Amino acid sequence: MTDSVRVRFAPSPTGALHIGGVRTALYNYLFARKMGGKFLLRIEDTDQARFVPGAEQYILDSLAWLGISPDEGVGVGGPHEPYRQSERKDLYKAYADQLLADGKAYYAFDTSEELDAMRASFESQGSAFQYNSLTRVKLKNSIALAPAEVEQLIASGTPYVIRLKVPAKGEVRFQDSIRDWVHVHTSSIDDKVLMKSDGMPTYHLANVVDDHIMEITHVIRGEEWLPSAPLHILLYQAFGWKAPQFAHLPLLLKPEGNGKLSKRDADLGGFPVFPMEWTDPATGAVSKGFKQEGYLKEATLNFLAFLGWNPGTEQEMFSLTELAEAFSLERINKAGAKFDVKKAQWFNEQYLKLQDPAALAKEYLPSLPADQGLSFVSLFLDRITFPQELADKVAEFKARPSVYEEAVLASKWNADAATGLQFIAQALPSVDSWEPEGIKHAIHEVLEANGIKMGKVMQILRVALSGNGAGPDLMISMQLWGKQEVIERLSAALAKFPTV
RNA sequence: GGUCCGUUCGUCUAGGGGUUAGGACACGUCCCUUUCACGGAUGAAACACGGGUUCGAUUCCCGUACGGACUACCA
């Protein structure tokens, strides 16, 4: 069982789950499915200061919406409970103590203020402060201080952190699934804090300990973690554990300009960067969500999957199951991907056409009789990007025109059109079968009888009835408006159109 | 500043020592449609730069430039 793939998505409940995080979750999920492994959800809530109420539920809801369902973890349970790091607090202390006992970690008593001052002074000299083999001997810690003094400080309740004693010399290397070999000298890694003074572990310790305990085989996470991967390798080594296989995903970038995609871009660009709508509990600020904007889950998934990965074939449309089948770590790109809303919209249009029309009608046109709803769905489905546009289209369709498109009038309104419209207006009341073919037949007949070409009047008729020069099939539209309504609209238009 | 990572059409990307450098989005044109949209066809559009290696580099190596991430008792 230890051979089988186990991956995890480990977000922090510090706010709405970013869409990049959703992609990370998706790739983990796909890899687990592909390999016949397990996908776990672990909540990394070790930073009490940044904890945001509701964020955890938001993560759960978002994954549930998209069908990225964990096999183990918060919300589903499993053999390694609890899956919330705040509830595993005591565990980490024991591991930190083990490192302390082995001389691989040490106590440090420096206050944040002291360290800030240190950084400032280094910076003023044009260099960067590092807590490492060079500086630790001069700072307040159990390496520089006499054992008796350390004991006294601890006994007196002086706050302390536990830091990893990074070797002065050596090279850390690991083979990333996406980037191949990455090597870093230990001299560029500092003695990172493992246990904070509040007794909570930092990400680095908790993450490594949990990944080991939970038998994680592959760590698939964002590129922002690449710089700390060597530190994590060092931690695995310090514990004498086998490190998992790492795969660092390329970042999601801003649509325009440089930098990684942020909440600001969403506000500026009018598109979502969160899976679902999110209301900040502190400020009340609402952020758009893919779901609420009208993106279908299939489109969201397909779009996200293709941001940094591709199947190597020319197939574009993939269901979640198909993605899982085609997925592989090897086909993930190295370079960051710019977020292009247009592509997301295209996917949405494609998947929208694949939806069950009756279900769409029921959900988005609930006030209409089923058959009517269905007619409107088929009339408008290929002219919209988001399903909620259906209601707008129907409302617009039902409203009588208040203005008539000037450009069409200017070019098409002439004597032929005027008389044509008159004839149509006269013929319509006696049309018995008010359906597309019948209406068309009647119009065709009356125009032909009077020697007027249909092309001369059809667009004008459209403008007269809808106000617009373009739109869905006119005969079907007329059927939907109903005979009486059409007659009234036509006479209203005739009264308003200028004389020719 | 330091460390690390990256760079093929505007965007997402395929490819990989010898190719007309392929696809998708977006854009243009045409067809379909008595309109528009959908759909179909088609066009324009890319290997960052400089050195190597090689008979031959977009592909391999090294630099440069540019971009990015990280550089917290945040994850």
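The basis for the numbers below is simple: all heavy atoms, side chains too, and nothing from hydrogens, waters or symmetry mates. Naming: A, B, ... by sequence-line order, numbering from 1 per chain. None of these values were measured; they are calculated from a predicted model.
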Evaluation steps, side chain to side chain contact (heavy atoms under 4.5 Å, CB included), between A/L352 and A/F386: CA-CA 8 Å; A/L352 203 48; A/F386 303 111; 5.8 Å; no
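- The base-pairing partner of B/rU11, taking Watson-Crick or G-U wobble contacts with both distances under 3.5 Å, is B/rA24.
- Nucleotides B/rC47 and B/rG15 are separated by 11 Å at their C1' atoms, to the nearest Å.
- Distance check on atom C1': B/rA44 versus B/rC9 gives 10 Å, rounded to whole Å.
- Nucleic acid contact for A/G308: sugar-phosphate only, since backbone atoms but no base atoms lie under 4.0 Å from a heavy atom of the residue.
- With rounding to whole Å, A/H204 atom NE2 is found 10 Å from B/rA72 atom P.
- The closest side-chain donor-acceptor pair between A/R331 and A/N310 falls under 3.5 angstrom.
- Taking atom C1' on both nucleotides, B/rG43 is separated from B/rG2 by 49 Å, rounded to a whole Å.
- Atom-to-atom, CZ of A/F303 to C1' of B/rA24 comes out at 13 Å; the value is rounded to the nearest Å.
- A 3.5 Å limit on both hydrogen-bonding distances identifies B/rU29 as the Watson-Crick or G-U partner of B/rA41.
- Residue contacts for A/D110: at a heavy-atom cut-off of 4.0 Å it reaches a base atom on one of the strands shown.
- Residues A/L139 and A/L145 share a closest heavy-atom pair of O-CD1, 4.2 Å.
- A donor atom on one side chain and an acceptor atom on the other are not found under 3.5 Å apart for A/T385 and A/N348.
- Across every strand in view, B/rA46 sits unpaired, with no contact that passes the Watson-Crick or G-U test at under 3.5 angstrom.
- Using modelled atom types, one finds a donor on one side chain and an acceptor on the other under 3.5 Å when comparing A/S177 with A/Q245.
- Counting to the nearest Å, the P atom of B/rC74 and the CD atom of A/Q85 are 13 Å from each other.
- Using modelled atom types, one finds no donor on one side chain facing an acceptor on the other under 3.5 Å when comparing A/Q479 with A/E435.
- For B/rA21 and B/rU29, the C1' atoms lie 24 Å apart once the distance is rounded to whole Å.
- Separating the CG atom of A/D176 from the C1' atom of B/rA69 is a distance of 14 Å, rounded to the nearest angstrom.
- Residue A/R221 is classed as having no contact, given no heavy-atom separation below 4.0 Å to the nucleic acid.
- If you check every strand for non-hydrogen atoms under 4.0 Å, A/T46 touches sugar and phosphate atoms only.
- When heavy atoms are screened at a 4.0 angstrom cut-off, A/V193 is found touching the sugar-phosphate backbone but no base atom.
- Nucleotide B/rG6 forms a Watson-Crick or G-U wobble pair with B/rC66, both donor-acceptor distances falling under 3.5 Å.
- Side-chain contact of A/H248 with A/R179: a donor-acceptor pair under 3.5 Å is absent, judged by distance alone.
- Spacing between B/rA57 and B/rG1 at atom P, rounded to whole Å, works out to 35 Å.
- Phosphate proximity of B/rA72 to A/K196: absent, as no side-chain N or O sits under 4.0 Å from OP1 or OP2.
- Using a 4.0 Å heavy-atom distance criterion, A/K456 is classed as making no nucleic acid contact.
- Among the protein residues, A/F306 comes within range of the sugar-phosphate backbone only, with heavy atoms under 4.0 Å from sugar or phosphate atoms but none that close to a base.
- The residue A/P230 sits apart from the nucleic acid: no heavy atom pair falls under 4.0 Å.
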All N/O contacts under 3.5 Å from nucleotides 2-11 of chain B to the protein, with atom names and distances to one decimal?
residue: B/rC5; atom: O2'; partner: A/R179; partner atom: NH1; Å: 2.7
residue: B/rC5; atom: O2'; partner: A/E223; partner atom: OE2; Å: 3.3

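- Cation-pi check for A/R42 over A/F9 is not met; the charged atom does not lie both under 6.0 angstrom from the ring centroid and within 45 degrees of its normal.
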Less than 3.5 Å apart, which donor and acceptor atoms pair up between the side chains of residues 445-454 of chain A and the rest of the protein, not counting sequence neighbours?
residue: A/E445; atom: OE2; partner: A/H441; partner atom: NE2; Å: 3.4
residue: A/N450; atom: ND2; partner: A/V446; partner atom: O; Å: 2.7

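- Across every non-hydrogen atom of A/P272 and A/F290, the tightest pair is O-CE1, 3.3 Å.
- Across all strands shown, B/rU53 forms no Watson-Crick or G-U wobble pair with both key distances under 3.5 Å.
- Sequence order on RNA chain B of the closest nucleotides to A/I332 and A/K192 puts A/I332 first from the 5' end.
- Spacing between B/rC61 and B/rG68 at atom C1', rounded to whole Å, works out to 24 Å.
- B/rC62 and B/rA45 have their C1' atoms separated by 31 Å, with the value rounded to a whole Å.
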Show me the protein contacts with nucleotides 37-46 of chain B, counting only N or O atoms at under 3.5 Å.
residue: B/rA37; atom: O2'; partner: A/D382; partner atom: O; Å: 2.6
residue: B/rC38; atom: O3'; partner: A/K353; partner atom: NZ; Å: 2.9

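- Remark: the A/T14 side chain and the A/S12 side chain contain no N/O donor-acceptor pair separated by less than 3.5 Å.
- Taking all atoms of both residues into account, the shortest heavy-atom contact from A/V166 to A/I189 is CG1-O, 4.0 Å.
- Here the P atom of nucleotide B/rC74 and the CG atom of A/D47 are 6 Å apart, to the nearest Å.
- Rounded to the nearest Å, the gap between the C1' atom of B/rC30 and that of B/rC49 is 40 Å.
- Here B/rA75 is the nucleotide among B/rU35, B/rA26, B/rA75 with the atom lying nearest to any side-chain atom of A/S12.
- Between A/R50 and B/rA75, a side-chain N or O to OP1/OP2 separation shorter than 4.0 Å is absent.
- The distance from atom CG of A/L253 to atom P of B/rA69 is 8 Å, rounded to the nearest whole Å.
- A/S197 comes within 4.0 angstrom of a nucleotide base, judged by non-hydrogen atoms across all strands.
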